[in-house]
Undergrad: 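My questions will all concern the structure given below.
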There are 2 protein chains.
Amino acid sequence: MFSNSTKYAIRTIEYLLHNNSDEKKSVVKLAAELDIPQPYLSKIMQQLSKGDIISSSKGRGGGFYLSDENMKRPLIDIVVCIEGYNVFDKCILGLKECSDKNPCLLHKYYGVFKASLVKPINQDSIKELFKLPN
Amino acid sequence: MFSNSTKYAIRTIEYLLHNNSDEKKSVVKLAAELDIPQPYLSKIMQQLSKGDIISSSKGRGGGFYLSDENMKRPLIDIVVCIEGYNVFDKCILGLKECSDKNPCLLHKYYGVFKASLVKPINQDSIKELFKLPN
DNA sequence: TTTAATTAGGATATAAATATCCGATTATCT
DNA sequence: AGATAATCGGATATTTATATCCTAATTAAA
Ligand code: SF4
Ligand code: SF4
C-alpha cells in the first residue's frame, strides 16, 4: 500500500508528534530511535521539509520538528509528498479508470475500505489521527 | 497494495472466469484482450500454473483455463502465489509486529479495513467474489 | 573567531520489480 | 510425418525503489 519511504516518513512524523518537546530532533537521533537507515531517512526528511510537511532548522542544536501548522495537515499529505500522488485515487487493480458507473467486481468491497481507512487518512489532521488514547 | 504482477494476475483470472467457454485462452489472446505486455504475462501465467491457481494445456489448441477446483480458491491465493506471502499479514507501516495488545495509532482504522476488504479476499472463493451482479 | 553539530543537495551504488528474448518441449491438425 | 500453435524455462535487459557517500551551507556554542 505504502512504499518503504512513505512508511518511514509516517513513523517518523508520528514520533515527532509524540515527542514534541522544545528540543529539535536530529536525523541521527531519529534514525537510531526508529531503526531506519540514517542517510536514507535524511533524504526523506529533506523532501518532507521542502514540501512543508515538517519544519527544520539548520546548524548546531538544529533538527526537525512539527509546527502547529504542520500538525494540522492530514496524513495523505505525507503520502503525496513522498510518492508524488494520492495512492488511494488509483485503481487497486491498475485499471485506467475507477468509477461508480463502471465498477469492477471488487468495487463494493473497495467502497467500504475507502470509508473506513481512506477517509480518516484523507481528512483528519495527523494530530487528531494520532491522538493518544486517554 | 498489490504489485503490478499481482494486478495483472487478478485481472487475467477474472477474465478467464467470465469467459469460461470450452475454448482455452492463449497468452497472445489474453495479453491483447487485457492490454498487458505479452511476454511478461506469459511468465506470470507460468507461475500461476505451477502454483495450481490456474490450469493449462500445452500444444496446438492449448492455453489457460480455470478448472472447478481453481475457481474454489480465494483471491489471496493468487496474491501469495505471485508475491510469495500474504500482503495483508504485514504491518502497513512496516513494523515488525502488529497485535491487538500493542496497537499502533492506525490500529482502530485497520480493523475495519481488514473486515471490509481483507476478509472477502482471504475467505471467499473467486467464483463467489467475482460473481456477476444479477 | 574558531570549532562542532547540524540540515541541504548532488552524485553514485545496490537491489528489486518490471519487461523482453529465445530456444526447448508438447500436443494437435493436416 | 511434418507443420503449426501453444506452454515452459532459462537468460538477460531495463527501470524504479532503496540506500549510501561526500561536500557545502548554516548556526550555536566554546
Ligand atoms: S473498485 Fe475496481 S475499478 Fe475501482 S479502484 Fe477498485 S479495483 Fe479498480
Ligand atoms: S494496526 Fe498499526 S501495527 Fe498493526 S498493521 Fe496497522 S499500522 Fe501496523
Side-chain angles (χ1 to χ4, degrees), chain A residues 1-12 16 22-67 70 79 81-85 87 90 93-94, chain B residues 1-12 16 22-67 70 79 81-85 87 90 93-94:
Chain A
M1 180 139 55
F2 301 130
S3 72
N4 238 320
S5 299
T6 302
K7 290 174 191 167
Y8 290 159
I10 294 174
R11 282 173 49 207
T12 306
L16 286 177
D22 313 341
E23 181 200 13
K24 289 145 196 166
K25 298 285 192 302
S26 77
V27 170
V28 174
K29 271 190 199 167
L30 290 168
E33 203 68 39
L34 294 161
D35 197 28
I36 298 172
Q38 187 235 295
Y40 190 33
L41 182 59
S42 176
K43 275 278 171 276
I44 294 169
M45 298 304 271
Q46 252 179 66
Q47 198 172 342
L48 291 169
S49 178
K50 219 171 174 181
D52 284 318
I53 307 293
I54 61 179
S55 305
S56 69
S57 62
K58 284 173 107 175
R60 190 168 184 161
F64 294 99
Y65 63 100
L66 298 177
S67 69
N70 293 149
V79 178
C81 181
I82 300 295
E83 316 238 351
Y85 59 90
V87 298
K90 298 248 168 160
L93 294 184
Chain B
M1 182 138 55
F2 301 131
S3 72
N4 237 320
S5 298
T6 303
K7 290 174 191 167
Y8 289 159
I10 295 174
R11 284 174 48 207
T12 307
L16 285 177
D22 313 340
E23 179 199 15
K24 289 146 196 168
K25 298 285 190 302
S26 76
V27 170
V28 174
K29 271 189 199 168
L30 290 168
E33 203 68 39
L34 295 161
D35 196 27
I36 298 172
Q38 187 237 293
Y40 190 30
L41 181 59
S42 176
K43 275 277 171 279
I44 293 169
M45 299 304 271
Q46 252 179 66
Q47 199 171 341
L48 291 169
S49 178
K50 218 173 174 179
D52 284 319
I53 307 293
I54 62 179
S55 305
S56 70
S57 62
K58 285 172 109 175
R60 189 170 185 160
F64 294 99
Y65 62 99
L66 297 177
S67 70
N70 293 149
V79 178
C81 181
I82 300 294
E83 316 238 352
Y85 60 91
V87 299
K90 299 247 168 162
L93 294 185

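Protein chains get the first letters and strands the later ones, always in sequence-line order, with residue 1 at the start of each. In this text the structure is predicted, and so the values were computed from the model without any measurement.
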Undergrad: For A:Gly59 and for A:Lys43, find the nucleotide of DNA chain C with the closest heavy atom, then tell me which residue's nucleotide is more 5'.
TA: A:Gly59
Undergrad: Between A:Asn70 (side chain only) and A:Asp52 (backbone N and O only), is there a donor and an acceptor less than 3.5 Å apart?
TA: yes
Undergrad: Heavy atoms under 4.0 Å, any strand shown: does B:Lys24 hit a base, just sugar-phosphate, or nothing?
TA: nothing
Undergrad: Within the distance-only criterion (no hydrogens, no angle test), does the side chain of A:Gln47 pair as donor or acceptor with the backbone N or O of A:Cys81 below 3.5 angstrom?
TA: yes
Undergrad: Could you tell me how far apart B:Ile36 (CD1) and C:dT18 (P) are, to the nearest whole angstrom?
TA: 13 Å
Undergrad: Among D:dT20, C:dT26, C:dT7, find the nucleotide with the atom closest to the side chain of A:Lys58.
TA: C:dT7
Undergrad: Rounded to whole angstrom units, what separation is found between the CD1 atom of A:Ile44 and the P atom of C:dG9?
TA: 16 Å
Undergrad: Within the pair A:Ser49 and C:dA8, is there a side-chain N or O less than 4.0 Å away from OP1 or OP2?
TA: yes
Undergrad: Is B:Lys90 salt-bridged to B:Glu83, going by a charged N under 4.0 Å from an acidic O?
TA: no
Undergrad: Once you round it to whole Å, what is the distance between P of D:dA19 and CG of A:Asp35?
TA: 11 Å
Undergrad: 5'-most contact on DNA chain D: B:Met45 or A:Pro37, nearest heavy atom basis?
TA: B:Met45
Undergrad: B:Arg60 side chain: which of D:dA3, D:dG10, D:dC8 is closest?
TA: D:dA3
Undergrad: Quick one: A:Lys7 NZ to D:dA17 C1', roughly how many Å, whole number?
TA: 12 Å
Undergrad: Taking atom C1' of D:dA29 as reference, at what distance in whole Å does atom CD of A:Glu23 sit?
TA: 16 Å
Undergrad: Nearest to the side chain of A:Asn4 - D:dG9, D:dT18, D:dT7?
TA: D:dT18
Undergrad: Do the side-chain N or O atoms of A:Tyr8 get closer than 4.0 angstrom to the phosphate oxygens (OP1, OP2) of D:dA19?
TA: yes
Undergrad: Using a distance-only criterion (donor-acceptor N/O pair, under 3.5 Å, no hydrogens), is the base of D:dG9 paired with the side chain of B:Lys50?
TA: no
Undergrad: So, OP1 or OP2 of C:dA8: does either fall under 4.0 Å of a side-chain N or O from A:Ser56?
TA: yes
Undergrad: Quick one: is the NZ or CZ of B:Lys7 closer than 6.0 Å to the six-membered ring centre of B:Phe2, and within 45° of its axis?
TA: no
Undergrad: In whole Å, I'd like the distance from the CG atom of B:Leu48 to the P atom of D:dG9.
TA: 13 Å
Undergrad: To the nearest Å, how far apart are B:Ile82 CD1 and C:dT18 C1'?
TA: 13 Å
Undergrad: Over how many whole Å does the gap from A:Tyr40 atom OH to C:dA15 atom C1' extend?
TA: 12 Å
Undergrad: Look at all strands and tell whether B:Val28 reaches a base, only sugar-phosphate, or nothing, counting heavy atoms closer than 4.0 Å.
TA: nothing
Undergrad: If you round to the nearest 0.5 Å, how far is CG of B:Leu93 from CD1 of A:Ile10?
TA: 5.5 Å
Undergrad: If you look at every strand shown and take non-hydrogen atoms under 4.0 Å, does B:Ser42 touch a base, only sugar-phosphate, or nothing?
TA: nothing
